[in-house]
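Here the structure comes first, spelled out in structure tokens, and everything after it is commentary.
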Amino acid sequence: MIEFQHVFKSFGRGRNILADVNFGIAPGEFVFVSGPSGAGKSTLLKLVGGLEPASRGAVTVNGHRIDRLSARTLPYLRRTVGLILQDAHLLFDRNAFDNVMLPLAVLGLDRATAATRARAAMEKVGLRGKEDLSPIELSGGEQQRLAIARAIVGRPAILIADEPTANLDHDSAVHIMDVFRDFNQVGVTTLIASHDTALMARYARRTLRIDAGRFEDIAGVPGRVEGDRGGSMSASDANAPGRLDGSRGTP
Ligand SMILES: Nc1ncnc2c1ncn2[C@@H]1O[C@H](COP(=O)(O)OP(=O)(O)OP(=O)(O)O)[C@@H](O)[C@H]1O
């Protein structure tokens, strides 16, 4: 589903941030990207999301070589990837509901269908009742959940989040991670950058670690999350975020 083959990335004439990085992520995996500040976590996520090109090597997402997509076709691939970047880019002059509706505008859905989907997305991240508030009236954790709702409303096959729990207290951080866990449990491939080692240990998943140009692929402990409260969604959930391509093949 996501594959890096001999990927190098530098900016301008700078050092290699990523140097000969190789890994594959299968559909439905939940993977952390870790490493100290400035190591290249955001850069790796941006390569997957098609926001930055690799300097060398092949990045394949959903069966497509990102570097071979034209400016016209790249947006189609991007729609299969829900991105939650460090700066959430929420629109403060619109209410929370309209922020979630925004990505649906390009999908050509009628207003009623779009509104139903947006309400379902807000419900899944626990923001029901907050539809009419401006994002500025939401707490940091709620803003982060709004960003997640906006990322999942288009039903992406892949969810990518850059430090989604930064600046949140422990309980809010766990709540956010549980939201990701729930989406992952209904089949969404999930890639999360974090340097919160305690949080990553709690979730004990496969971790791609970048540190001073060195890349390590560390297997996590498979199985259920410690303290799992049980998912609030199930695969049979009619509104569950589905895979767009329906494929189950290897990356
Ligand atoms: N557009 C850019 N132009 C030039 N250099 C960049 C660009 N984006 C990132 N870098 C550099 O690449 C390196 C890796 O940055 P990146 O944001 O990927 O690190 P990170 O691991 O996500 O850090 P943090 O945990 O602080 O967010 C840094 O030295 C950064 O200055």
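Not measured: the values here are computed from a predicted model. Order of appearance sets the numbers: ligands from 1, and atoms from 1 within every ligand.
- Using a 4.0 Å cut-off to heavy atoms of His195, the atoms of ligand 1 that qualify are 25 (O).
- Formation of a donor-acceptor pair under 3.5 Å by the Thr207 side chain with backbone atoms of Arg205 is found in this model.
- Remark: Arg56 CZ is loosely packed, at most 12 non-hydrogen atoms of other residues, nucleotides or ligands lying under 6.0 Å away.
- Side-chain atoms of Ser194 never come within 3.5 Å of backbone atoms of Glu163 as a donor-acceptor pair (strictly under, hydrogens ignored).
- The shortest heavy-atom distance from Lys9 to ligand 1 is not under 4.0 Å.
- Atom 30 (C) of ligand 1 lies below 4.0 Å from none of the non-hydrogen atoms of the protein.
- Ring pair Phe23/Phe215: centre-to-centre distance below 6.0 Å.
- Gly40 N, 3.2 Å is the protein heavy atom nearest to atom 19 (O) of ligand 1.
- Ligand 1 has a nitrogen or oxygen under 3.5 angstrom from a nitrogen or oxygen of Ala39.
- Here the heavy atom of the protein found nearest to atom 22 (O) of ligand 1 is Ser42 OG, 2.7 Å.
- Atoms of ligand 1 found under 4.0 Å from any heavy atom of Glu163, numbered from 1 in the order shown, are 25 (O).
- Using a 4.0 Å cut-off between heavy atoms, Ala193 makes no contact with ligand 1 at all.
- Among protein heavy atoms, atom 10 (N) of ligand 1 sits closest to Phe11 CE1, 3.4 Å.
- From the protein, the heavy atom lying nearest to atom 15 (O) of ligand 1 is Thr43 OG1, 3.8 Å.
- One hydrophobic cluster, built from ILVMFWY side chains closer than 4.5 Å, cannot hold both Leu146 and Leu102; they sit in different ones.
- Of the candidates Ile25, Asn184, Leu159, Val188, Phe30 forms a side-chain contact (heavy atoms from CB on, under 4.5 Å) with just one, namely Asn184.
- Of the polar atoms of Gly38, at least one N or O is found under 3.5 Å from an N or O of ligand 1, judged by distance alone.
- The atoms of ligand 1 that sit less than 4.0 Å from any heavy atom of Ile17 are 12 (O), 13 (C), 14 (C).
- Atom 8 (N) of ligand 1 is flagged as protein-proximal [any protein heavy atom, distance under 4.0 Å].
- Atoms of ligand 1 found under 4.0 Å from any heavy atom of Arg15 (numbered from 1 in listed order, with element): 29 (O).
- Residue, atom and distance of the protein heavy atom nearest to atom 27 (O) of ligand 1 are Gln86 NE2, 2.9 Å.
- Near Pro36, meaning under 4.0 Å from one of its heavy atoms, ligand 1 places the atoms 21 (O).
- When atom types are taken as modelled, the side chain of Lys130 and the backbone of Pro135 share no donor-acceptor pair closer than 3.5 angstrom.
- Between Asp217 and Arg206 there is a salt bridge, since a side-chain N of the basic residue sits under 4.0 Å from a carboxylate O of the acidic one.
- Considering only residues two or more places apart in sequence or on other chains, Glu131 meets the salt bridge (Lys or Arg N to Asp or Glu O under 4.0 Å) condition with none of them.
- When each atom of ligand 1 is checked for a heavy atom of Lys41 under 4.0 Å away, the hits are 18 (O), 19 (O), 20 (P), 21 (O), 22 (O), 23 (O), 24 (P), 25 (O).
- No more than 12 heavy atoms of other residues, nucleotides or ligands lie within 6.0 Å of CZ in Arg128, so this atom counts as exposed by the packing criterion.
- The contact set between ligand 1 and Ser37, taken as ligand atoms under 4.0 Å from a residue heavy atom, comprises 23 (O), 24 (P), 25 (O), 26 (O).
- Checking side-chain atoms of Asp196 against main-chain N and O of Leu199 turns up a donor-acceptor pair under 3.5 Å.
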